[in-house]
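Data block below; observations after.
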Amino acid sequence: MAFNPQAATTGTFLGGLPRRLVADGLLTEEQARSLQEKSQKNRTPFVSLVVEGKLIPAVRLAQIAGTEFGSPIFDLSALEPNLIAIKEVSEKLIRTHHALPLFRRERKLFVAISDPTNLQALDEFKFATGLSIEGIVVEDDKLSKAIEAAASALQSASFSGGDVDLENLEIEGGDDEKKADEKTSDEEDAPIIRYVNKVLMDAINRGASDIHFEPYEKKYRVRYRVDGELKEMANPPVQMGGRLAARLKVMSRLDLAERRVPQDGRIKLKLSANKSIDFRVSTCPTLWGEKIVMRILDASSAMLGIEALGYEPAQKDLYLKALAKPQGMILVTGPTGSGKTVSLYTGLNILNTEDANISTAEDPCEINLPGINQVNVNVKQGLTFAAALKAFLRQDPDVIMVGEIRDLETAEIAIKAAQTGHLVLSTLHTNDAPATLTRLLNMGVPAYNVASTVSLIIAQRLARKLCKLCKKPDNVPREELLREGFTQEQIDAPGFTLYKAVGCDQCNDGYKGRTGIYQVMPVTDAISRIIMENGNAIDIADQARQEGVFDLRQSALKKVCEGVMDLTEANRVTVD
């Protein structure tokens with residue numbers, strides 16, 4: 001099929017590699033345009049979409065690209081992984097531009113790319129390294145595997161305990177008000193100190209979000225939550241349970257003598273001069289001793305930017321638009337561990353400028369951000385969410401974040417703040433966005449206050465992403481796809497392919513990392529009228545659907561269509 005220049009003037013302009021592939025008859029204009037639009041929309045390399053869709057073999061694509069643009073071609077499998085010059089740049093740069101530094105010769109760095117028209121990548125590498133850059137064309141599938149391997153190596157280099165003195169890690173306790181018996185720290189023997197530190201470092205290396213220390217009658221187990229799944233990692237002798245609990249309580253400055261009631265504390269683990277990890281520690285007395293759960297809090301997760309959280313472009317724009325408003329209320333809802341805190345803090349980080357006064361009330365504060373005034377709620381001392389909010393309103397605030405709206409008093413003060421020229425962010429525990437509005441009404445908040453104050457509601461879940469190295473196409477009958485909720489348009493789209501988890505030595509049973517699934521619902525005039533007319537969550541959901549708002553199920557299925565996750569995971573985190 002010959003390339004038609006006149007046709008290229010309408011719709012998406014085809015240039016570079018897509019144009020050459022159409023000219024050679026390897027792609028139709030419709031396919032090329034669709035893939036190019038998808039590439040621009042999802043910020044996914046065009047070449048990767050072509051290869052993943054099995055439209056052109058990776059080897060053939062590399063040969064065409066090299067020939068067309070006069071770039072040398074290289075077989076990545078011929079290069080020893082340990083010789084790749086990954087330390088020259090950051091993992092973020094490698095992933096963002098889908099390019100990998102291979103080797104350096106004096107002042108020249110050779111960079112592997114699958115699309116030689118990706119000049120921005122070469123410019124960014126040049127800026128980051130100060131070196132002269134030469135692009136080398138490689139096969140896209142091999143490049144993806146090499147990038148994953150390089151990223152793992154960079155993470156291991158950053159967090160490996162091999163270069164860390166496990167007995168002398170720099171540890172800071174949480175609250176100065178909670179003082180443990182410091183002598184106990186000296187009395188603890190080195191094996192216990194080293195074991196606990198090794199568990200913490202291993203959890204960080206594996207990307208765990210939580211660590212569970214659990215005592216039973218004849219067994220003691222340590223479990224990590226990795227990519228949302230709990231996995232048993234160690235079984236120390238049951239006799240060590242008391243000493244492990246004592247060590248963890250010393251580290252988090254809790255009362256060693258108190259074993260009958262729950263306690264909360266914090267630990268800061270300094271890994272390097274510019275990298276530290278916080279742990280939120282919770283103890284709970286059980287039948288056979290104290291169970292201790294540690295939530296791993298990495299402040300850098302709030303610095304990744306909104307693009308890294310998994311919002312669809314339209315959803316991201318709605319969130320940014322709501323954040324730009326000088327007043328109103330943004331609510332984030334979802335179960336515990338669904339990423340609500342990261343979503344809120346990502347928004348706060350966007351708002352965190354020199355001319356903004358931002359205050360937060362949390363129970364407890366999970367992520368420390370310079371420039372934000374953070375308050376830990378302390379109910380025993382009378383510092384409730386409502387009391388903190390009242391104090392904030394006397395402190396000339398611009399932005400207020402309430403960790404959770406739990407009662408009518410907190411809700412009323414938060415709404416009053418949103419009505420008087422302040423932007424308020426908070427969370428609720430509901431199943432979806434429409435139910436959040438009815439929850440406020442059921443708490444006793446007047447309908448006119450809800451309708452006039454709440455500007456945006458985000459419901460979210462966290463789902464496991466498929467491992468890019470081992471995922472394989474999955475054949476699902478068309479009738480089953482329709483029953484699952486896919487539309488005819490999705491099924492008939494060019495390159496539509498479902499993938500399934502397989503498993504390799506670089507992932508967890510076929511999954512690696514997590515992404516957010518969102519329902520982002522603006523409170524429009526039509527929805528406000530439904531609220532004022534005492535409509536229920538079903539009425540609100542119907543109106544939101546008419547306005548084009550994706551519910552959680554639709555958002556999950558879109559991620560399945562994009563190859564980010566599989567249908568099994570979509571069914572696990574959402575219901576049809």
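Quantities reported herein were computed from a predicted structural model and do not represent experimental measurements.
At a threshold of 4.0 Å, the pair R206-D202 counts as salt-bridged, since one of the basic side-chain nitrogens sits closer than that to a carboxylate oxygen. A salt bridge links D278 with R266: at least one charged nitrogen is closer than 4.0 Å to a carboxylate oxygen. A salt bridge between E412 and K416 is absent, with no side-chain N of the basic residue lying under 4.0 Å from a carboxylate O of the acidic one. For the pair E569 and K465, the salt-bridge criterion is not met [side-chain N within less than 4.0 Å of a carboxylate O]. The pair R406-D363 meets the salt-bridge criterion, since a charged nitrogen lies less than 4.0 angstrom from a carboxylate oxygen. Taking a cutoff of 4.0 Å between a charged side-chain nitrogen and a carboxylate oxygen, D210 and R295 qualify as a salt bridge. Note on E229 versus K231: no salt bridge recorded, every NZ/NE/NH1/NH2 to OD/OE distance being 4.0 Å or above.
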For a salt bridge (charged side-chain N to carboxylate O under 4.0 Å, His left out) check, start with the C-alpha distance between R464 and D227, then their side-chain angles and the critical distance, and finish with the verdict. CA-CA 6 Å; R464 295 176 295 172; D227 293 338; over 6 Å; no
Between E312 and K316, is the salt bridge (charged side-chain N to carboxylate O under 4.0 Å, His left out) condition met? List the steps. CA-CA 6 Å; E312 299 296 334; K316 180 187 73 174; over 6 Å; no
Can you list the steps and then say if Y220 with E214 is a side-chain contact (heavy atoms from CB on, under 4.5 Å)? CA-CA 6 Å; Y220 193 99; E214 302 171 314; over 6 Å; no
Begin from the C-alpha positions of I267 and S252 and carry the test side-chain contact (heavy atoms from CB on, under 4.5 Å) through to its verdict. CA-CA 5 Å; I267 297 172; S252 46; 3.6 Å; yes
Test side-chain contact (heavy atoms from CB on, under 4.5 Å) on M251 and N197 and set out the steps. CA-CA 10 Å; M251 294 169 69; N197 290 348; 4.1 Å; yes
Verdict with reasoning, H98 to S48, per side-chain contact (heavy atoms from CB on, under 4.5 Å): CA-CA 9 Å; H98 198 62; S48 298; 3.4 Å; yes
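Surrounding CZ of R439 are at most 12 heavy atoms belonging to other residues, nucleotides or ligands under 6.0 Å away. At most 12 heavy atoms of other shown residues, nucleotides or ligands fall within 6.0 angstrom of atom CG in D509. Sparse packing is recorded around CD1 of I538, with 12 or fewer heavy atoms of other residues, nucleotides or ligands lying under 6.0 Å away. Within a 6.0 Å radius of NZ in K468, no more than 12 heavy atoms belonging to other residues, nucleotides or ligands are found.
The side-chain heavy atoms of Y319 and I330, taken from C-beta on, include a pair separated by under 4.5 Å. The shortest side-chain heavy-atom distance between V222 and I211 falls under the 4.5 Å cut-off. Residues M521 and I540 are in side-chain contact: their nearest non-hydrogen atoms beyond the backbone lie under 4.5 Å apart. A heavy-atom distance below 4.5 Å is not found between the side chains of T360 and F392. Inter-residue side-chain proximity for I457 and L437 is flagged as met; some heavy-atom pair is nearer than 4.5 Å. Under the 4.5 Å side-chain criterion, counting only non-hydrogen atoms from C-beta, C467 is in contact with C504. Here the side chains of L297 and F279 are not in contact, with every heavy-atom distance at 4.5 Å or above. You'll find the side chain of K291 reaches within 4.5 Å of the side chain of P215, heavy atoms only.
The CD1 atom of I372 sits 4.5 Å away from atom CD1 of I358, with the distance rounded to the nearest 0.5 Å. Remark: Y345 OH to N352 CG distance equals 10.5 Å, nearest 0.5 Å. The structure places CG of L423 at 12.0 Å from CE of M401, a figure rounded to the nearest 0.5 Å. Once rounded to the nearest 0.5 Å, the distance linking OH of Y499 with CG of L567 reads 15.0 Å. Interatomic distance, R545 CZ to D551 CG, rounded to the nearest 0.5 Å: 6.5 Å. A distance of 11.0 Å separates CZ of R223 from CG of N235, quoted to the nearest 0.5 Å.
Looking at Q460, its side chain never comes within 3.5 Å of a backbone N or O of G334 through a donor-acceptor pair. Put simply, the side chain of S338 gets close to the backbone of P335: a donor and an acceptor are under 3.5 Å apart. Using modelled atom types, no side-chain atom of K500 and backbone atom of K471 make a donor-acceptor pair closer than 3.5 Å. Looking only at distances, no side-chain donor or acceptor of D539 sits under 3.5 Å from a matching main-chain atom of G535. Remark: the backbone N or O of L93 is not paired with any side-chain donor or acceptor of T96 at under 3.5 angstrom. Between the S455 side chain and the M329 main chain, a donor and an acceptor come within less than 3.5 Å of each other.
Contact detail for V523 and V454: the closest heavy-atom pair is CB-O, 3.3 Å. A pairwise comparison of heavy atoms in D355 and D398 identifies O-OD2, 3.7 Å as the closest pair. Across L408 and G444, no two heavy atoms sit closer than the pair CD1-C, 3.6 Å. Shown here for L393 and A417, the closest heavy-atom pair between the two residues is CD2-CB, 3.6 Å. Residue A234 comes nearest to Y195 through the heavy atom pair CB-OH, 3.6 Å, listed as atom of the first residue, atom of the second, then distance. Heavy atoms only, all atoms of each residue included: T410 and A386 are closest at OG1-N, 3.8 Å.
Using cut-offs of 30° and 60° on the angle between ring planes, the pair Y518 and Y311 is parallel.
E404 and S426 are not linked by any side-chain donor-acceptor pair at a separation below 3.5 angstrom, with hydrogens and angles left out of the test. A donor-acceptor pair shorter than 3.5 Å can be found between the side chains of T574 and R553. Checked by atom type, the side-chain pair N357/D396 shows no donor-acceptor distance below 3.5 Å. Side chains of E547 and T524: a donor on one and an acceptor on the other come within 3.5 Å. Looking at T427 and H429, their side chains never bring a donor and an acceptor atom within 3.5 Å of each other. Using modelled atom types, one finds no donor on one side chain facing an acceptor on the other under 3.5 Å when comparing T568 with N571. Side-chain contact of N376 with E362: a donor-acceptor pair under 3.5 Å is absent, judged by distance alone.
Screening R260, R247, K249 for a salt bridge (charged side-chain N to carboxylate O under 4.0 Å, His left out) with E290, the sole residue that qualifies is K249.
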